[in-house]
Structures are given as C-alpha cells and as structure tokens.
Amino acid sequence: MSTFGFEISATDNAARRGRVTTAHGSFETPAFAATATAATVKAMMPENARSTGAELALCNTYHLMLRPGAERVAALGGLHHFMNWQGPILTDSGGYQVMSLSDLRDLTEEGVTFKSHLDGSRHELTPAKAMEIQHQLGSDITMCLDECTPFPATEEEAALSMRRSMRWALLCKDAFRPRAGHALFGINQGGVYPALREESADALKKIGFDGYAIGGLEVGEGQESMFRMIEATAPHLPLDKPRYLMGVGKPLDIVGAVVRGVDMFDCVMPTRSGRTGQAFTRRGTLNMRNARHMSDPRSLDEQCPCPACAHYSRAYLHHLFRAEEILGPMLLTWHNLRFYQDLMRGLRQAIGEGRLKAFAADFAARQAEGDIEPGDQKDRALG
Ligand SMILES: [Zn+2]
C-alpha cells in the first residue's frame, strides 16, 4: 500500500501542478473532487463520474453518520466498496453541515450535540468522534472537525471561533489513527480577517498535518474578499503540502484560487446546477429551461465530448427539463462535471507550460462573452 504523498511537478508564480498519492491511488492537482455527499455522485454512475476526469470523490460525514451509519458502512467493507468508488475518497468532518442543517445544536468546548434533520434523533460530534467515524468510513483524506465561522462575524467572534477550531485540530491530530496512505488535513479559519488567517495557519503548521484546507469561505463574503483571504493564508502554509479550498466554487473562483496557490477544490455547483437545468459552458452559464433553446438543433457546446453535447440537441435538453424527465439531470450533471474537469485539465496544462496568466485571462474573457446567438440556426431548423 502506498504512503500518502504530494509531489509538485511544475510551478507558475504561486500556482502549482502536482500529484497526490493515497492508499487508493492518486489524483492530479489542481484537482476538483466529485461531490458524493451521501456516497453517490447524484444522477451519475461512479464509472461515468470517473470518465469525466474526476479522480477524487468527496463524501460527507454528517450525512453518512446519520444514514446509513458509519458502523454499518464499516461492517459492509468500507466506503470504497459500499459505493463502488475505487479511487481516493475525502470525507469532510460534518462540522459545516451540523451548523447549516441540524436543529437545536449545542456548541461547547467539547464538541457539538445536535438533532438529526432526518428524524430528530440526538447525536454528538466531538473531535475524537469525527476521527473515529471517518476511520470507520475508510476515508483516504480525513478532515479535522472545525467550526465554520458564520458570516458576518466581528473580529472578536471570528477569533474565538477560530481558536476553538485550532484546539479541536490538536485533539483531532491526537485521536487520528494513522494508516499507510491515509491523511489528515487541518482546516484554516479566521473569517475575513487576515491576521486571524495567519494566526490559524501558524497554529495548524505547528501541529503538523498532511495537507491544509482553507475553510469558512464562499459563505457570502464575495470573491474579492475570498481571494484576499487566500492571499493572507497560502504564503503561511507549508510549500510541500496540498492546499484545499473547501466548498469553492464557480469556475472563475477556481481559476483565481489556483493562481493564488490552491491545489484542491470541491463544490456542489456542477452537480446541483445540473439537476436544475443550469449548464456551465466556456461562454458562461445557460439555463436549459429557457425558451430560447426550444427549437435549437445545435449541441450545448460543440467542443465538449460529453454525451449531452455529442448526441443531443439543446432543444432535446430543454424538452427533458420541461417534461421533468430524469435523463435531463443525468445528462446535464455529466456535462457540468466534464466542464469542470476540462477546466482543471486546462489549468494543469497551463501551469506545466508556464502560461497560467494568459490561460486565466482568456478563460475570463470567454466567460464574459456570453452564449452563442440563438437566431440563424433556429430559423434554419424551423424552415
Ligand atoms: Zn458537454
């Protein structure tokens, strides 16, 4: 079994291209994880998700501890076997979901007790418990339990919250049971305050982790503030460990974060949007429910090799969403995942060739261009 490792093969200013190796294979960075919250990439077979280029899956401790239960998953052979995902799996600690989904949570120095959003049953999540659950799941990359500082928060509130997360990080490190190829990541917090972000980075570095996440962003602070926080954090993290920006984000957020030295991402956006009819393209986002696609015989994106673009028209995708057919979310999820993975491939290649700045400028310009005109083609199809 391989040991956990991170190898950087190229840099371009602050950006890095590399490869993370785990007990269940490796993934290229900058990487975008396929969101598999409840041990499934919604609307996708795992092999199809993989075929888009996704090498890393992200599962959710909060959801899986409540249903089907971590002990049950362990008894059934662990998460990889349970969900038929043979590649690396990262699990988040559940802290964020406890804050956002559960009722009647009670946060203390020891941890958090909460009522399940499913059936109202009472549960407790402590740093040690979060480590135990992720161990039972068999996660390749385990995340520390932290408190996602709410936004907005005063500097004093953000400092108290961040320092508690740092005390929990130490407890997580103590409770984590090392296994070959399995990693534990610490999570940087500190709200929108650069001094707190720096203090948090130093505290995590002192404890020592296999990788470092930047948490508590994309919670309403805006892109400019998010980029400033990455700039305040990344230079204080070890150069030779992967950096993971949690829950981000839109394509242009990802490009900006890669430019600033981030290696790993996850976000529900491509899969969630795929289920509601929103498509990500090189020329911005499209709503396939929009009437302008009703008679359009062209593909969503003629340069995209995904099944939605290769075999179907915009008119058909529009029809599927209007008729609420299951194939609509399936095809559009596939396309969106492919778009995100193609973006990551492009970023990796650009870093390798030392032209990330030009790539980022070109990508932003195309996103701003807007969709192709609906006019001519539509008339031709009807005529
Ligand atoms: Zn496509």
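Numbering of ligands and ligand atoms starts at 1, following listing order.
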Review point. Pick from His80, His182, Gln86: which one makes a side chain to side chain donor-acceptor pair (under 3.5 Å) with His24?
Key: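 Testing His24 for a side chain to side chain donor-acceptor pair (under 3.5 Å) against His80, His182, Gln86 leaves exactly one candidate, His80.
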Exercise for review: Would you list the protein N, O or S atoms within less than 2.8 Å of the Zn ion (ligand 1), leaving out water?
Suggested key: Cys304 SG, Cys306 SG, Cys309 SG, His335 ND1
Check your understanding: Relative to Trp85, does Arg50 satisfy both conditions: NZ or CZ under 6.0 angstrom from the six-membered ring centre, and within 45 degrees of the ring's axis?
Key -> yes
Study note, to complete from the structure: On a heavy-atom basis, the closest approach of Asp146 and Gln189 is OD2-NE2, 2.7 Å
Could you pull out all donor-acceptor pairs under 3.5 Å where a side-chain atom in residues 213-226 meets a protein atom, sequence neighbours excluded?
| unit_1 | atom_1 | unit_2 | atom_2 | d |
| --- | --- | --- | --- | --- |
| Glu221 | OE1 | Glu218 | N | 3.1 |
| Glu221 | OE1 | Val219 | N | 2.9 |
| Glu221 | OE2 | Glu218 | N | 2.6 |
| Gln223 | NE2 | Asp253 | OD1 | 2.8 |

Output a table of donor-acceptor pairs, distance under 3.5 Å, between side-chain atoms of residues 235-249 and any protein atom two or more places apart or on a different chain; print 'none' if there are none.
| unit_1 | atom_1 | unit_2 | atom_2 | d |
| --- | --- | --- | --- | --- |
| Arg243 | NH1 | Gly261 | O | 3.0 |
| Tyr244 | OH | Asp266 | OD1 | 2.7 |

Check your understanding: Under the side-chain hydrogen bond (donor to acceptor under 3.5 Å, both in side chains) test, which residues partner Glu71, sequence neighbours left out?
Key -> none
